[in-house]
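Keep in mind it's a predicted model, so treat the numbers as computed, not measured. Counting begins at 1 with the first residue of the sequence.
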Amino acid sequence: MRSIRIGRLAGIPIGVQPLWVVIVALITLSLGAVYYPDQVSGIFPALAYALGLASALLLFASILLHELGHAVVARRHGVEIEEIDLWLLGGVARMKGYPKAAADELRFALAGPAVTLAIAVLFGAIALVLPSSAPAGLRAVIEYQALVNAAILVFNLLPAFPLDGGRVARALIWGRIGDLSRATAVAASIGRGFGWGMIGLGVLGAAAGALGGVWLAVVGFFVIVAAKAEEGGLRVRTAFAGREAGRFMSFPAVTVPAGTSVEDAIEDFFVKHRYSAFPVLDGERLIGLLDFAAVQRVPEARRADTVAADLALDDEELVVDEHQDVAELLERPVFQRVGRAVVTTAKGGVGILSITDVNRALRALDLQNAAGMRVRSA
């Protein structure tokens with residue numbers, strides 16, 4: 001799901017995904033209906049919910065600073081940061097590439113928890129020195145922030161890859177055995193074990209009437225899926241590192257003339273060729289990439305008058321030359337979102353590299369590696 005860009009912090013783009021609003025609303029409702037009425041005697045409902053919203057926003061501000069800790073340390077060690085996203089289960093700093101050494105991974109992993117620890121200690125200290133005459137609502141807000149950040153710290157340090165504690169575990173294993181792929185496989189296995197444990201505890205809790213059990217099960221499912229994705233992502237990166245896009249692209253690509261109406265594009269290209277995106281050319285000049293989603297958004301009444309050039313996605317990250325490293329391309333968030341990129345050749349030709357091409361090539365490389373292993377064992 002594409003995030004909505006809301007600004008920059010320390011030069012890093014900050015985005016929120018639409019479902020982030022859902023979790024903010026749920027936290028606000030929970031705190032306004034239960035926590036603040038319990039902590040502040042006689043509080044007006046409107047004020048309770050206002051404090052609930054303030055607490056939810058402060059919580060996500062803390063999460064944003066946590067992710068910024070990861071991002072700043074990673075950037076200092078040469079890893080490019082695409083953006084920081086806030087979403088349903090918290091936040092994530094999207095990095096291009098992997099740490100080059102186990103010590104770097106350890107620094108990246110611990111930076112976020114260090115920020116969260118500082119925030120928890122800060123709010124805890126404020127709560128301790130707050131005078132007894134301070135408003136009860138203010139005290140409740142501060143105590144909540146101290147407690148919730150402490151809880152996040154403890155949870156995040158569980159060795160459940162890809163949580164921070166799991167990344168710490170991977171760094172330690174990597175430093176010991178000297179192999180990132182094997183370390184990732186071990187850490188991912190541990191992470192999946194924790195994920196299944198969370199799901200089991202969550203189901204038992206939900207059966208006993210604890211609503212938080214559902215949330216724990218959801219987090220456990222996320223840990224399992226994310227651990228598998230991280231392991232698979234590293235496998236793909238290892239397979240394609242140093243390999244050029246020109247080797248795997250579909251060439252020549254079927255292209256759409258810039259002046260083609262959406263109506264004709266649907267019939268003559270999307271229906272006929274059954275691809276989900278096409279490069280758009282104005283003569284020999286590349287305009288961008290026309291995908292099915294863009295076409296689908298055009299109302300039927302306007303399809304005869306809207307042309308391909310008006311809808312083409314013009315993003316330099318989606319146009320690469322034939323020598324582009326495939327592993328680096330796969331890490332680009334825009335490629336992950338769109339699922340393909342236009343590949344230009346030195347002779348002026350245009351190809352396209354899609355996720356389908358990558359998966360097909362990966363299966364072929366796996367067969368090649370398996371055959372090599374059999375030959376060596378023989």
Side-chain angles (χ1 to χ4, degrees), residues 1-7 13-26 82-83 85-89 92 94 225 229 245 248-321 324 326 329-345 348-361:
M1 187 176 295
R2 189 170 185 176
S3 62
I4 301 167
R5 188 69 54 82
I6 61 171
I14 309 298
V16 295
Q17 295 193 2
L19 287 178
W20 175 77
V21 178
V22 175
I23 189 60
V24 169
L26 288 174
E82 289 282 352
E83 61 184 350
D85 267 356
L86 298 178
W87 66 303
L88 184 65
L89 295 180
V92 60
R94 302 191 186 280
V225 171
F248 305 107
M249 67 179 175
S250 295
F251 183 86
V254 178
T255 59
V256 178
T260 305
S261 69
V262 169
E263 189 173 69
D264 290 340
I266 292 173
E267 184 66 29
D268 297 339
F269 292 91
F270 288 95
V271 173
K272 181 179 179 180
H273 297 283
R274 299 180 184 177
Y275 296 141
S276 60
F278 300 87
V280 177
L281 296 182
D282 183 5
E284 295 184 356
R285 185 171 66 91
L286 179 65
I287 301 297
L289 193 66
L290 179 67
D291 69 351
F292 182 78
V295 168
Q296 197 173 33
R297 287 193 294 268
V298 180
E300 286 191 30
R302 295 180 52 199
R303 288 178 178 176
D305 301 322
T306 305
V307 297
D310 297 334
L311 303 177
L313 178 60
D314 180 19
D315 190 322
E316 61 181 15
E317 292 282 286
L318 289 177
V319 180
V320 301
D321 66 37
Q324 168 67 46
V326 176
L329 176 62
L330 293 174
E331 291 169 0
R332 297 181 182 181
V334 66
F335 182 86
Q336 294 170 9
R337 186 177 73 249
V338 177
R340 62 201 65 239
V342 178
V343 183
T344 59
T345 69
V350 175
I352 197 160
L353 181 66
S354 68
I355 288 295
T356 302
D357 295 319
V358 171
N359 287 334
R360 189 184 298 122

#### Entry: Verdict with supporting geometry, I23 and W87, side-chain contact (heavy atoms from CB on, under 4.5 Å)
CA-CA 8 Å; I23 189 60; W87 66 303; over 6 Å; no
### Task
Using the side chain to side chain donor-acceptor pair (under 3.5 Å) rule, collect all pairs that involve residues 280-296, keeping only residues at least two apart or in two chains.
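Sorted pair list: D282-R285.
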### side chain to side chain donor-acceptor pair (under 3.5 Å) pairs, two or more places apart, involving residues 258-270
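Applying side chain to side chain donor-acceptor pair (under 3.5 Å) to every pair that reaches into residues 258-270, excluding sequence neighbours, yields S261-D264.
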What are the two closest non-hydrogen atoms of [X] and [Y], and how far apart are they?
X    : Y    : result
I287 : A258 : CG1-CB, 4.3 Å
V326 : F248 : CG2-CD1, 4.0 Å
V298 : R303 : O-NE, 3.0 Å
A308 : P257 : CB-O, 3.9 Å
V307 : G259 : CG1-O, 3.5 Å

### Spacing of CZ belonging to R340 relative to OG belonging to S250, to within rounding of 0.5 Å
9.0 Å
#### Entry: Sidechain-backbone polar pair: R332 side chain, L318 backbone, donor-acceptor under 3.5 Å
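Judged by distance alone, no pair lies under 3.5 Å.
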### Query
Are the side chain of Q336 and the backbone of L330 linked by a donor-acceptor contact shorter than 3.5 Å?
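Yes, Q336 side chain to L330 backbone: donor-acceptor pair under 3.5 Å.
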For [X], what residues pass the side-chain hydrogen bond (donor to acceptor under 3.5 Å, both in side chains) criterion, not counting sequence neighbours?
X    : result
R297 : none
S354 : D357
D305 : none

### Query
Is there a side-chain contact between L286 and L281 (heavy atoms, below 4.5 Å)?
yes
### Message
Does any part of the side chain of I352, heavy atoms only, come nearer than 4.5 Å to the side chain of L289, both counted from C-beta?
### Response
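Heavy-atom side-chain distance check passes, below 4.5 Å.
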### Message
Determine whether D85 and Q17 satisfy the following criterion, side-chain contact (heavy atoms from CB on, under 4.5 Å), listing intermediate values before the conclusion.
### Response
CA-CA 7 Å; D85 267 356; Q17 295 193 2; 3.7 Å; yes
### Message
Please determine whether side-chain contact (heavy atoms from CB on, under 4.5 Å) holds for the pair I266 and V262, giving the CA-CA distance in whole Å, both sets of side-chain angles, and the decisive distance to 0.1 Å.
### Response
CA-CA 6 Å; I266 292 173; V262 169; 4.0 Å; yes
### Message
Tell me if the CZ atom of R5 is crowded by more than 12 foreign heavy atoms within 6.0 Å.
### Response
yes
### Verdict with reasoning, T345 to M249, per side-chain contact (heavy atoms from CB on, under 4.5 Å)
CA-CA 11 Å; T345 69; M249 67 179 175; 3.7 Å; yes
### Query
According to the ring pair (Phe, Tyr, Trp, His ring centres under 6.0 Å) rule, which pairs have a member within residues 278-314, sequence neighbours left out?
F269-F278, F270-F278, Y275-F278
